Amino acid sequence: MVLVLCIGDLHIPHRQTDLPSKFKSLLVPGKIHHILSTGNLCTSEVYDYLKTVCSDLHVARGDFDEPNKYPDEEVLQVGAFRIGLCHGHQVVPWGNTSALALLQRRLNVDILVTGHTHQYWAEKFENRFIINPGSATGAYSTMTTKPVPSFVLMDVDGDKATVYYYELHGEELKVDKSEFSKSA
Amino acid sequence: MDNGHNRGGPASVSDRAANSTAVTNKKGLRALTWKVLLGYLPLDTKQWDRVLAQKRAAYQDFCKELIINPGASSNGLGTPMDDHPLSQHTDSRWNAYFQDTELKEQIDRDVMRTHPDMHFFSGDDTPAMQHREEMKRALFIFAKLNPGLRYVQGMNELFAPLYYHFRSDPLTEHSTHAEADAFFCFMDLIAEFRDNFCQQLDNSNVGIKATLTRLDCLLEQADPELWHHLQVENKVNPQFYAFRWITLLLTQEFPFPDVVRLWDTLFSDIGGRTGCLLRMCIAMLVNVRSEILQGDFAQNLKLLQSYPPVDVHAILDRAANLPH
Amino acid sequence: MVAQQETVLSDEQAKWLQEAGTSVKRNAFYMKRALDDDNLREALRYSAAMLGELRTSLLTPQRYFELYMQAFNELQHLEGFFRDETKKGRSYADLYELVQHAGNVLPRLYLLCMVGACFIRGGEGAARDILKDLVEMCKGVQHPTRGLFLRSYLCQVSKGLLPDTGSEFESEEGGRIQDAVDFLLLNFTEMNKLWVRMQHQGAQRDRDRREKERQQLADLVGKNLTYLSQLEGLNFELYQGQVHPRVLEQVVGCRDDLAQQYLMQCVVQVFPDDFHLGTLSPLLAALPQLQPGVKIHVILSSLLDRLARYASVQSTVVEAFDEAGVFQKLLEAAKSVVTQQSGMQSADVTAMYIALVQFTSAVYPDRLDYINQALTACHTALAERSAQEGEGVGAEKQLVQLLSIPLDSYDVVTVLALDKYPSVMALLSPPTRKEMAVKIVDAILKTGTLVDTVQRVGMLFDFIAPLATDVEGVEAPEDDEDFEEEQNLMARLMHQLKAPTLDGQFEVLKAARDRITQGGPNRLKHTIPAIAFAALAVVRGLSAEGQQGQSKTEPVLQFIHSLTAQLAEAGGAAEMALQLFLAAAQAASDEAHLDVIAYEFFEQAFIIYEEAIPDSSSERTALASIVGALQRIRVFSPDSRASLVHKATGYSAKLLRKADQCRAVLACSHLLWQEEEAQADPPSANGDTPAPAPEPSATDDASPDDSSPAGRTSEAVQLQAPVRDAEGVMSCLKRALKIAHAAQQQTAVARRANDTEPVSLFVEILNHYIFYFEAGLPTITASVLQNLLDLVQNDMAGDSCQKDSALVAFYKNTLGHIELQRARGGPAAERYKQIKVPA
């Protein structure tokens with residue numbers, strides 16, 4: 001069992017004051033093995049905060065991150081999965097499944113974690129999986145009119161990944177789950 | 001040599017020597033004897049198969065019940081449908097899982113340090129890794145089943161000799177179930193000595209302090225001069241050296257094969273094992289009495305905290321001759 | 001040296017004590033033997049000799065106390081004997097007479113006190129007369145230490161024997177409560193005099209030590225007050241009429257720092273709350289008269305603590321406070337202390353007001369005006385002091401504490417109404433002022449408080465001025481981590497500025513902008529993006545309300561435009577400014593449907609791209625963002641769009657590396673092919689109300705450089721249908737192919753046979769062909785795709801490509817995709833069936 005937190009597009013302090021306190025109370029140290037961040041942490045304070053949640057932190061550069069601080073793309077192996085990480089503003093048209101699938105073929109990954117749209121979204125596309133954890137702060141987005149705070153937690157167990165999707169509606173936490181397994 | 005797992009390596013001498021003792025482990029005789037002596041197997045041999053099958057199945061059930069695999073789709077009973085890895089609800093399987101993590105880490109640390117000189121326990125290959133996994137699991141199950149005691153540092157050392165011999169049983173039908181068998185034998189062994197482990201009882205008349213006092217009295221009776229020198233002149237309190245001797249049943253004082261030999265005797269003393277253990281301790285002291293009588297506080301403390309190499313049979317003989 | 005001296009001293013003391021103690025023991029022994037022998041005369045002789053040891057002047061009070069206790073214990077034997085004596089018929093009067101014969105005055109008085117007590121207890125004599133007699137006679141000992149202990153003895157033995165109301169010793173003859181009060185007050189007064197006089201004993205240089213010793217004796221004096229407070233008969237009238245004035249008279253009149261400090265606190269602590277409330281005026285009036293060395297704030301805060309606790313227990317107390325005008329009295333007292341105690345330290349002045357503000361916020365949670373009055377008074381006091389001394393106020397720690405109380409007790413927005421708050425803050429040294437400002441912002445963020453009016457925004461910025469602008473005395477802000485953290489805090493704060501209506505919100509943001517822009521370029525970099533995004537949210541809100549028309553949204557977009565332009569000018573924030581222009585362009589298109597403004601935002605983004613993007617990596621990111629944003633825009637007329645697309649494509653082809661050029665051009669191809677479902681709202685179903693006629697007032701709010709971009713007025717337009725320009729796409733794809741070929745030639749020329757990048761570009765182009773093939777682009781037929789596939793297949797066969805596992809995987813995945821699409825069925829699958837996929 002390996003827990004992978006996918007979180008990004010926080011846009012603090014440009015678009016939001018802080019990560020919702022409800023999320024902060026959930027994200028306690030000692031549970032999560034890897035963090036894959038879709039970027040737009042914007043400040044080193046947010047980076048440092050995520051480091052306290054889990055020290056194995058991977059960040060892809062968002063369009064509002066400092067230049068040259070994070071790579072545009074990163075690929076990791078977790079369990080049986082190759083997981084790719086890319087913020088997504090580089091993939092035109094933005095948020096387009098076919099364009100993201102193209103990136104996924106290039107990175108040769110089973111799961112692509114991408115952000116930018118501030119809208120949670122997960123889709124199985126030709127034996128591969130694309131996940132967008134949305135914006136953890138529910139930050140303003142040019143693409144999504146009413147973003148809500150969300151993130152994703154993947155429980156990777158060998159060739160099976162259970163995807164937990166956390167979403168905050170006001171004070172109410174909603175958790176959904178779906179499964180994806182790597183079939184031949 | 002019928003144990004396939006200990007070819008080569010610096011540990012093999014130790015491993016081999018482990019078998020050259022009173023009860024030979026040929027054909028798994030020691031394993032069997034211990035199981036009987038510890039009460040795991042009844043005297044009626046006709047019942048053995050049934051008992052073993054029953055206990056081993058019970059152990060499987062414990063594992064299923066107590067080892068939480070929070071990600072696995074649960075059997076549905078008592079698990080909230082909306083459980084998730086970050087849940088902080090009391091009925092969350094994930095929450096329970098993370099609460100067990102601390103215990104697992106503690107056991108893990110100790111098991112990793114068990115007999116670093118024996119390939120069986122410390123090797124890098126698959127069998128050794130599997131041995132460690134099985135030990136960890138058994139100790140974890142024990143801790144979960146005994147919430148009053150949980151896991152106490154050193155239990156790994158008591159579990160190791162049992163597991164080693166059961167795992168080395170030439171009969172695969174037994175060696176494959178070494179984990180379960182060792183688990184139950186360990187339960188029986190701890191049941192007899194549990195008060196020494198229980199911190200709440202430390203100062204009671206059954207806890208470790210009481211046992212140490214008993215040892216002190218026995219020494220005074222057996223060898224007043226030695227006692228006087230050690231306790232009155234040196235002020236070397238039994239707590240300083242015999243705490244470990246007693247709680248860990250001498251596992252840390254002698255090489256593995258000698259420990260096993262001592263345990264043969266210890267286990268055979270059904271009903272009076274604490275007395276037997278204390279006589280062994282007295283024998284150990286008397287065995288080095290001339291050194292002790294010449295030593296001061298520091299020297300004697302050092303001597304007794306790292307007991308010198310000795311023929312274990314001499315200890316056993318001495319112990320046997322002490323008044324019962 | 002000092003330590004050594006003290007050791008010598010304490011050795012000597014020990015010796016003296018031991019000697020005296022031995023003598024006490026010896027005499028006590030003989031005394032007890034005489035008692036056993038029933039020889040009263042001898043017993044008295046030895047007891048007098050024993051008590052004679054207390055005449056020593058050698059011992060320090062501490063040691064003297066030890067000796068006293070020893071003698072005190074031994075004396076109990078004698079007392080017991082006396083009691084037995086009277087049972088045998090001897091009268092106390094006789095005994096009283098008998099002990100008078102002791103030679104020395106001190107032993108005689110001890111014995112008299114003891115017998116006197118027995119006298120009263122036995123009911124033989126009138127308490128009033130005996131007590132009066134004793135308390136008067138004790139005046140015979142004027143040595144401070146000896147006198148104090150003697151009177152302490154008197155106090156001790158007479159406890160419970162006073163003619164208190166309801167006591168068995170109260171009677172016409174034995175006296176009334178008045179006599180008990182008189183006795184204790186007289187003893188108190190005498191003791192205090194002795195105690196005060198102690199300081200004049202001995203050399204001046206030992207003064208510190210002596211004061212320390214004197215401190216140790218404080219409780220002996222205070223015990224009188226404790227006993228007074230414990231009298232059953234002490235009602236409020238008696239307290240107000242006699243006890244309070246006489247005690248205060250003594251305390252104020254003694255003019256001794258130590259005594260005043262201790263006794264005032266004693267008064268506050270031992271007497272009941274309601275007594276204090278009733279005597280508040282005289283009590284407070286005494287404060288300014290105390291010695292300059294007295295820590296008045298300590299006394300005042302004990303008193304206020306008591307009153308606050310009193311008020312918290314009984315709800316009616318607050319009403320009583322109001323009737324008595326407690327707050328005003330306290331405030332006046334504080335002011336008068338400040339006026340009369342000109343030497344009072346600023347820290348102590350502040351501490352006094354801390355006590356007052358704490359009291360106020362505890363007792364009057366809704367009286368912010370009181371807090372303001374207290375702050376005003378404190379400010380006046382401190383400002384005067386610092387003006388006189390010509391230096392800073394100091395007392396930083398206390399001031400921070402003072403300013404923190406309202407933050408902890410009230411909603412932060414409520415605190416903003418304290419108009420005196422910023423001036424008190426201004427008394428702090430600049431660095432501390434900034435710390436305080438950080439504290440205020442933290443409080444707002446922590447509680448999630450919203451600042452909802454222009455007026456409050458103004459006040460907020462007054463409060464946190466040290467964060468918003470440069471402050472004289474603080475080093476120019478360096479662009480370091482601390483500064484960045486502070487400004488991030490400010491940026492986060494901008495999201496707490498929220499008015500209930502969108503119009504109000506815009507006003508609030510403008511007010512914030514006015515203050516923020518005074519902060520200089522280094523601050524702007526951090527704060528402008530936050531305000532700009534808050535303004536974008538206003539645009540979205542207006543659009544959601546169906547007000548996307550020009551009159552409402554345009555001023556907000558202008559506002560963003562001018563802010564972003566300022567950010568671009570500030571330098572060092574080109575990427576951020578570019579991103580803001582792009583975000584604003586999308587809002588102008590999606591939300592406001594204002595094509596001219598959207599166009600202007602793109603123009604600005606391009607200008608920054610041309611002029612200010614520092615390196616090729618940033619160029620790549622910036623261009624990707626421009627293309628991504630432009631791809632989504634639906635508001636442009638074909639001409640406007642074509643011109644921007646042309647620019648984007650042109651810049652793409654000018655990137656530094658061929659590979660970057662190729663990928664950028666591929667991205668540009670999407671500018672000519674918009675998906676049908678890209679826009680969730682149907683283009684003109686609703687909301688696209690015709691723009692109202694331009695209102696001159698709409699732009700009034702904007703600053704001069706906010707004038708309409710490009711000098712044109714804009715009107716809300718309808719969204720255009722998605723662009724589907726197959727020719728354009730094809731020309732981009734062909735351009736990409738051309739660049740890839742050029743890259744291939746470059747590597748060949750440079751003999752970099754192992755460089756597989758050109759081939760991977762081809763694979764990428766192939767994937768784009770596939771993208772458009774599936775999208776149904778008419779120009780990409782099966783045979784066009786097949787040709788490219790064959791070409792790539794050919795290239796891929798090369799050794800170096802086969803060794804490049806990433807490239808092999810990419811290609812394999814591409815072919816796999818075609819296979820899967822073919823297997824899926826449907827019209828695309830039919831078309832795919834014409835493709836021959838290499839094995």
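Lettering of chains follows the sequences in order, A, B, ..., and the numbering in each one begins at 1. Keep in mind it's a predicted model, so treat the numbers as computed, not measured.
- Within 6.0 Å of CD in A:Glu171 there are 12 or fewer heavy atoms belonging to other residues, nucleotides or ligands.
- To the nearest 0.5 Å, the span separating CD on A:Glu66 from OG on C:Ser618 amounts to 10.5 Å.
- Here A:Leu102 contributes atom CG and C:Ile770 contributes atom CD1; the two are 8.0 Å apart, rounded to the nearest 0.5 Å.
- When every heavy atom of A:Pro13 is checked against every heavy atom of C:Ala530, the shortest pair comes out as O-CB, 3.9 Å.
- When the candidates A:Gln16, A:His116, A:His89 are compared by the number of heavy-atom contacts under 4.5 Å with chain C, A:Gln16 comes out ahead.
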Tell me, with the steps shown, if C:Gln631 and A:Trp94 meet side-chain contact (heavy atoms from CB on, under 4.5 Å).
CA-CA 8 Å; C:Gln631 197 275 337; A:Trp94 288 342; over 6 Å; no
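- Heavy atoms of A:Ile12 lying under 4.5 Å from chain C belong exclusively to its side chain.
- Heavy atoms closer than 4.5 Å to chain C are found in both the backbone and the side chain of A:Pro93.
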side-chain contact (heavy atoms from CB on, under 4.5 Å) between A:Leu107 and C:Phe810, intermediate numbers included:
CA-CA 7 Å; A:Leu107 295 177; C:Phe810 185 18; over 6 Å; no
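- Both the backbone and the side chain of C:Leu536 have a heavy atom closer than 4.5 Å to some heavy atom of chain A.
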Apply side-chain contact (heavy atoms from CB on, under 4.5 Å) to residues C:Thr621 and A:Gln90 and explain how you reach the verdict.
CA-CA 7 Å; C:Thr621 309; A:Gln90 311 91 330; over 6 Å; no
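- Of the two parts of C:Arg620, only the side chain, counted from C-beta on, holds a non-hydrogen atom closer than 4.5 Å to a non-hydrogen atom of chain A.
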Begin from the C-alpha positions of A:Val92 and C:Leu671 and carry the test side-chain contact (heavy atoms from CB on, under 4.5 Å) through to its verdict.
CA-CA 9 Å; A:Val92 184; C:Leu671 295 176; 5.7 Å; no
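- For C:Gln579, the parts sitting under 4.5 Å from any heavy atom of chain A are the backbone and the side chain alike.
- The aromatic rings of C:His817 and A:Phe125 sit parallel to each other, their planes meeting at less than 30°, with 60° as the upper class boundary.
- A:Thr17 places a side-chain N or O within donor-acceptor distance of the main-chain N or O of C:Arg492, the cut-off being under 3.5 Å.
- Contacts of C:His670 with chain A are made by side-chain atoms alone, with heavy-atom separations under 4.5 Å and no backbone atom involved.
- Here the CD atom belonging to C:Gln496 is positioned 9.5 Å from the CG atom belonging to A:Asp18, to the nearest 0.5 angstrom.
- Among C:Pro529, C:Ala624, C:Gly628, the residue making the largest number of heavy-atom pairs under 4.5 Å with chain A is C:Gly628.
- Atom-to-atom distance recorded for A:Glu126:CD and C:Asn813:CG is 9.5 Å, nearest 0.5 angstrom.
- A:Ser21 does not touch chain C: none of its heavy atoms, backbone or side chain, sits under 4.5 Å away.
- Atom OG in A:Ser141 sits 8.0 Å away from atom CD in C:Gln586 (nearest 0.5 Å).
- Among C:His768, C:Met494, C:Glu774, C:Arg824, the residue with the largest count of heavy-atom pairs under 4.5 Å with chain A is C:His768.
- Surrounding NZ of C:Lys812 are at most 12 heavy atoms belonging to other residues, nucleotides or ligands under 6.0 Å away.
- Per-residue heavy-atom pair counts under 4.5 Å with chain C were compared for A:Asn68, A:Asn108, A:Asp72, and the maximum is reached by A:Asn108.
- To the nearest 0.5 angstrom, C:Glu484 atom CD is 7.5 Å from A:Thr43 atom OG1.
- Within the 4.5 angstrom heavy-atom criterion, atoms from both the backbone and the side chain of C:Ala629 approach chain A.
- Around NZ of C:Lys446, the count of heavy atoms belonging to other residues, nucleotides or ligands within 6.0 Å does not exceed 12.
- There is no contact between C:Gln487 and chain A, counting heavy-atom distances below 4.5 Å.
- Among the candidates C:Ala534, C:Ala587, C:Ala491, the residue making the largest number of heavy-atom pairs closer than 4.5 Å to chain A is C:Ala491.
- In this structure a side-chain-to-backbone donor-acceptor pair under 3.5 Å is missing from A:His14 to C:Ile528.
- A cation-pi contact, defined as under 6.0 Å to the ring centre and within 45° of the axis, links C:Arg540 to A:Tyr140.
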